Amino acid sequence: MMRGAAILLVLAAPVQAEIRFADRAAALPVRPVYSGGWEHFVGGGVAAFDCNGDALPDLYVAGGSEPATLLVNAASPGGDLAFTEGTLDPLTEVTGAWPLDIDGDGILDLAVMRVGANVLLKGQGDCTFRDASQDWGFRGGAEWSTSFSATWEEGRRLPTLAIGNYVDRSNPEGPFGTCDTNRLYRGDETYGDPVVLAPGYCALSMLFSDWARTGRTDLRVSNDRHYYVRGGYEQMWRLDTLNELGEADGWKKISIWGMGIASRDIDGNGLPDVMLTSMGDQLLSLAQPGGTYEAVPYSFGSYVQRPFNGEDGRPSTGWHAEFGDVDNDGLDDLFVAKGNVDQMPDMAAKDPNNLLRRLPGAGFQDVAPAAGVATTARSRGAAMVDLNLDGLLDLVVVNRRAPLEVYRNVTGGAGHWLLLAVEAPAPNTQGVGEWIELRRADGSVVEREITVGGGHGGGQAGYHHFGLGSDRAVAVRLRREGAQWIEVPADSRGTLVVTDAGQSWVAAE
């Protein structure tokens, strides 16, 4: 870990800015609320993606028992936040949604998880959608689905989809000890019957990744021991053989109240580290060569196991976790959405969200109160995304039984930045599963995997945001054999266009 900390010290900007966010909920035409009974104690996410081709991220917000909401981004690049309400066919019982280009036409679609039949919505390019589940042979089932991830396997035209299910509602012995099994969908022109991934332990987050950087994709599943009670654990499935990894593979089984997964290489060794949210401790582990993990010490500042304001000494409940550089100093910060499941007496009732600023060297410091984002609603899903394309990551938070929150990042004196999109050949037009490399001015290289999944109830697609610190220019490429570095200026946005002949940079107009 000390080696990674030394690398991060090199990448840091000389001075860290004072992080500030401004409440912009007034910019919303409506303020969606994630509502419902016990089947919506979990879930409640947001998908952030461009649904009309103007490069601005739009928001699809899960509503639980209320219809999902589409908020179309109406901001001017660099200006204040603004939204209009989009038009959707009413769809209730939505727990979460993840954007991806399912059919390879260059327009982002939505995988929508529900209590009941899941659906695949085909984007029309104008922020309208149609249910294409039947066209793609997708059987949405009738389970209580709460998590999702996707990747592309070689030789297949359609992405491979993993869907995590929670408690089996049809089991009369439930809810405790009656976790449902999960599903894996593979297809070429259309999807066939799903493969059952069993056992299941009440999945609340899942993520495909090349965790060990071996070229092999595995599926991590984070499970909620509140309902599996005993015998369950965090799972890792090999995609090629559909076998679970175990102790013999170096996979250490742990049992937590797993809610969300966030992944990012934060120690500079090229391997994706992982943050797992839970009741009580939030678990950050650094990836080691060979596919093993080492938990950071308590002094790292990431466990955030109780409300920082001291007003409620009971343990916290973490949900969505997400890495992002909110002050552009070249160090990834971490947001953790918190909130009581509903009225659990053993857990904190007023549980403020955390914004953990990465410190030069090692560790985090919670700056949520000073930054203005330490609300105490029952938060669930969230997104750190540049809503107005000014180079600063803004914040969206979904709440259970409380209105959606939206904040503009107004941090003064932040570092330089880059917004990078990827355009790759069909069918995998977003380059999912590949690695972006960014070479800093000092010669160090930042590596980031393009993934679909993780979080709690939602994810993002579109621009990848990089904080650059004091660098005024960097070089980028998608990691492929023979790929050449492309020099790009800081404080700009553009698309890395990848073809069989090579890679090029197209600056945004």
Side-chain angles (χ1 to χ4, degrees), residues 11 47-50 55-58 73 77 98-101 106 108 150-152 207-210 262-266 268 270 272-273 322-335 382-396 409 414-424 428-440 445-455 458-469 471 473-480 483 485-498 503-508:
L11 297 184
F49 66 112
D50 174 17
L56 293 163
D58 308 294
N73 198 329
W98 284 260
L100 72 164
D101 183 5
L108 288 169
T151 191
W152 265 260
L207 182 62
F208 281 118
S209 174
D210 180 3
S263 179
R264 184 70 59 88
D265 175 22
I266 65 167
D273 307 306
E322 187 170 338
F323 291 104
D325 188 351
V326 297
D327 56 355
N328 292 338
D329 64 351
L331 302 174
D332 275 313
D333 310 300
L334 176 62
F335 178 78
M384 287 202 296
V385 58
D386 187 352
L387 293 169
N388 59 348
L389 307 180
D390 65 351
L392 292 170
L393 289 174
D394 307 302
L395 179 64
V396 181
N409 189 336
H416 298 292
W417 53 273
L418 181 71
L419 290 174
L420 180 153
V422 172
E423 181 183 308
N428 185 7
T429 61
Q430 303 287 304
V432 174
E434 302 205 56
W435 290 79
I436 299 168
E437 294 186 320
L438 182 145
R439 189 176 65 196
R440 303 290 303 272
V445 176
V446 178
E447 301 176 78
R448 187 179 303 175
E449 187 179 16
I450 304 171
T451 60
V452 176
Q460 303 176 29
Y463 280 123
H464 302 271
H465 172 272
F466 292 86
L468 304 181
D471 290 357
V474 292
V476 297
R477 68 182 180 185
L478 207 64
R479 183 180 178 87
R480 290 184 171 188
W485 290 103
I486 302 171
E487 300 285 339
V488 297
D491 304 329
S492 66
R493 56 187 176 93
T495 301
L496 187 60
V497 179
V498 181
Q503 302 180 23
S504 60
W505 177 259
V506 178

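Quick caveat, the model's predicted, so the values are computed rather than measured. Numbering starts at 1 and runs along the sequence shown.
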- Apply side chain to side chain contact (heavy atoms under 4.5 Å, CB included) to L478 and I436, showing your working. CA-CA 5 Å; L478 207 64; I436 299 168; 3.9 Å; yes
- Message: What verdict does the side chain to side chain contact (heavy atoms under 4.5 Å, CB included) test give for L418 and V488, after you've listed the backbone C-alpha separation in whole Å, the side-chain angles of each residue and the deciding distance to 0.1 Å?
- Response: CA-CA 9 Å; L418 181 71; V488 297; 4.0 Å; yes
- Task: Would you sort out whether F49 and D101 count as a side chain to side chain contact (heavy atoms under 4.5 Å, CB included), showing the intermediate values?
- Result: CA-CA 11 Å; F49 66 112; D101 183 5; over 6 Å; no
- Message: Run D333 and D325 through side chain to side chain contact (heavy atoms under 4.5 Å, CB included) and show every step you take.
- Response: CA-CA 5 Å; D333 310 300; D325 188 351; 3.7 Å; yes
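A side-chain donor-acceptor contact under 3.5 Å links R440 to the backbone of L468. Proximity of a side-chain donor or acceptor of N428 to a complementary backbone N or O of W152 within less than 3.5 Å is not detected. The backbone N or O of G391 lies less than 3.5 Å from a partner atom in the side chain of D386, making a donor-acceptor pair. The closest donor-acceptor contact from the side chain of N328 to the backbone of A414 lies at 3.5 Å or more, if one exists at all. For D394 (side chain) and L387 (main-chain N/O), a donor-acceptor pair under 3.5 Å exists by modelled atom type. Formation of a donor-acceptor pair under 3.5 Å by the Q460 side chain with backbone atoms of M384 is found in this model. No donor-acceptor pair under 3.5 Å is formed between the side chain of D471 and the backbone N or O of A490.
The minimum heavy-atom distance linking L419 with W505 is given by the pair O-CH2, 4.0 Å. Closest non-hydrogen pair, G459 versus P99, comes out as O-CD, 3.5 Å.
Annotation: the span from I486 atom CD1 to L420 atom CG amounts to 9.0 Å, rounded to 0.5 Å. One distance of note links CG of D390 with CH2 of W417; it measures 7.5 Å at 0.5 Å rounding. Taken to the nearest 0.5 Å, the CG atom of D332 stands 6.0 Å off from the CZ atom of R448. Distance check: S504 OG to L496 CG gives 7.5 Å after rounding to the nearest 0.5 Å. We find the CD-CH2 distance between Q503 and W485 to be 10.0 Å, quoted to the nearest 0.5 Å. In this structure, the separation between CG on D210 and OG1 on T451 is 12.0 Å, given to the nearest 0.5 Å.
Cation-pi contact between R493 and Y463: absent, since separation from the ring centre below 6.0 Å together with deviation from the ring axis within 45° is not met.
Using a cutoff of 4.0 Å between basic side-chain nitrogens and carboxylate oxygens, E437 and R480 are not scored as salt-bridged.
At least one side-chain heavy atom of R439 sits under 4.5 Å from a side-chain heavy atom of V445.
Under the ring pair (Phe, Tyr, Trp, His ring centres under 6.0 Å) criterion, W98 pairs with F148, sequence neighbours left out. Partners of D50 according to the side chain to side chain contact (heavy atoms under 4.5 Å, CB included) rule, which considers only residues two or more places apart in sequence or in another chain, are N52, D54, D58.
Looking only at atom types and distance, the side chain of E449 has no donor-acceptor partner in the side chain of S263 under 3.5 Å away.
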